[in-house]
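Report on one structure; see the data block that follows.
All chains are named by letter (A, B, ...) in the order of the sequence lines, taking the proteins before the strands, and each is independently numbered beginning at 1. Treat the numbers as computed from the prediction; the structure is a model and nothing was measured.
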Amino acid sequence: MEVQSAVKDKVEQDKAMALKEETAKTAANTAAKTVKMSGKDVCVYYGEKQALFDVNLDILENSVTSLIGPSGCGKSTFLRCLNRMNDVIDICRVTGEITLEGDDIYDPSLDVVELRARVGMVFQKPNPFPKSIYDNVAYGPRIHGITADRTELDELVESSLQKAGLWNEVKDRVAESGTGLSGGQQQRLCIARAIATKPDVILMDEPCSALDPIATATIEELIDELRANYTIVIVTHSMQQAARVSQRTAFFHLGKIIEEGETTQIFTNPQDEKTQDYITGRFG
Amino acid sequence: MSTEHIVTSYEDELASLDNKIAQMGGLTEHLIADAFDALSKRDAELAVKVISDDDKIDQFELDIEEQAIAMIARRQPMALDLRQIMVAIKITSDLERIGDLGKNMAKRVLSIHSERHPAQLMHGMRSMQELALGQLKDVLDSYAERNTNKALAVWRGDEEIDAIYNSLFRELLTYMMEDPRNIGLCTHLLFCAKNLERIGDHTTNIAENVHYLVLGNPIQEERPKGDKTSQMLVNHDDQD
């Protein structure tokens, strides 16, 4: 009988330990995640037509947030609000509040150029400037006056290309034109160009949709590495890609966020039927 | 499950997976019923049939597993579909084990075939078998209907099987102590009882999987554990 009660005690002890560890882990996870950007009651109108309805979303620091949803659901519209790319569309009007580290990015006194240096963007089709690889990356630092002299600029170009995983492939030909690179390389060049202005946040609008699977995998690997130093928001039509690269996922439908949460939860156990129908391919 | 997939062939594959599990479940139910019939009637012929029937169940397991893996590779299932496919793999593995346990009972029929046959011994065994088979049937229904309440009822009901097992264990020990000639038979019956108890456990696993399939989370309660035979001792003083 003594042996039995000893066994029981040990089991209880182990249980208590496991519970303690679990609680500590959860606490550590929540503590590590601070809100980098936040949208509150964001509405967007294109003329008379409303494209976004009261969108609320927190973008967590050093994590990848993916925005998914069918075409025309407003995910790209929301992404473009995050660095005020919608400003260039005359009929576009944004209401609500979007903050970067607590500061309103639609504050009239805010310098938009400065904002776009802090919140960089990578587009669907690789769009390098018709300039040398070097000049593509050096462009941002030059106009923002980030570097003091040529040596510093050289270093920044090299480190940006390195972070974008492109340095080893182009180090002997940085003077050659950026448009001569392959599609995947061009996209990594665009990422290097975005990184060069030392942003806090990188927005990516379907960055892999024009790339083959290998180039896509390289970009996805890069996104995972960049997460350590940057906050990333990615719009993607590939559910598998959202599941692979992101930590958090928001599902948009008809201009509203239907569901937002941890990526694993969204793809294994979504709470909303619309989310489930979309990610399992039950409606288009 | 309200709406259908845009891709019809995907929908068909998921339906065929369910269909195969229903067939495999039906076969397994039959096998357990036959195995017990063979045991209670000492029917060697039926026992041999049970042993060969188990191959069909094994074949179903391979078939369902193969289909599930192919679907994961080709469809990259998500959410409910992913859960259905994962749960299909787990349920078939439990059903296959249940089949094995039935087959094992049938093999024992062949060994005790010529031994004495005390009718009262089979009484407790029968009620245990009826319970276990009822639970298996209910859990398969709960899967087909995606009915979590039914699954939970099965899950909670396993304690009852364990309770009968505990009393059978005592009963069989008593017979063995009464007359050493009973030992051979009773040992085999004890293993059969243990098999039925294990069938109950696999059924409970299936109930847990049905719950996960429908709701996406595991059953929160602590699993009832009623098998206390590991702590039972024969007290020789009682015999004097």
Does a sphere of radius 6.0 Å around [atom1] in [X] hold more than 12 heavy atoms from other residues, nucleotides or ligands, not counting ones at 6.0 Å or beyond?
X         : atom1 : answer
Gln271(A) : CD    : yes
Lys256(A) : NZ    : no
Gln124(A) : CD    : yes

Arg282(A) vs Glu4(B) side-chain heavy atoms within contact, under 4.5 Å
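No, too far: nothing below the 4.5 Å cut-off.
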Under a 4.5 Å cut-off applied to non-hydrogen side-chain atoms, are Glu273(A) and Thr3(B) in contact?
no
Could you walk me through whether Met78(B) and Thr268(A) satisfy the side-chain contact (heavy atoms from CB on, under 4.5 Å) test, starting with their C-alpha distance in whole Å, then the side-chain angles of each, then the deciding distance to 0.1 Å, before giving a yes or no?
CA-CA 6 Å; Met78(B) 294 282 192; Thr268(A) 59; over 6 Å; no
Once you round to the nearest 0.5 Å, how far does CG of Asp81(B) lie from CD of Gln276(A)?
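Nearest 0.5 Å value for the CG-CD distance: 7.0 Å.
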N/O donor-acceptor pairs under 3.5 Å from side chains in residues 188-197 of chain B, not counting sequence neighbours:
{"residue": "His188(B)", "atom": "ND1", "partner": "Arg108(B)", "partner atom": "NH1", "Å": "3.1"}
{"residue": "Lys194(B)", "atom": "NZ", "partner": "Glu197(B)", "partner atom": "OE1", "Å": "3.1"}
{"residue": "Lys194(B)", "atom": "NZ", "partner": "Asp227(B)", "partner atom": "OD2", "Å": "3.2"}
{"residue": "Asn195(B)", "atom": "ND2", "partner": "Leu101(B)", "partner atom": "O", "Å": "3.3"}
{"residue": "Asn195(B)", "atom": "ND2", "partner": "Asn104(B)", "partner atom": "OD1", "Å": "2.8"}

Nearest non-hydrogen partners of Leu82(B) and Phe267(A), listed with the distance:
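Between these two residues, the closest heavy atoms are CD2-O, 4.4 Å.
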Members of residues 206-216 of chain B whose heavy atoms come closer than 4.5 Å to chain A
Leu215(B), Gly216(B)
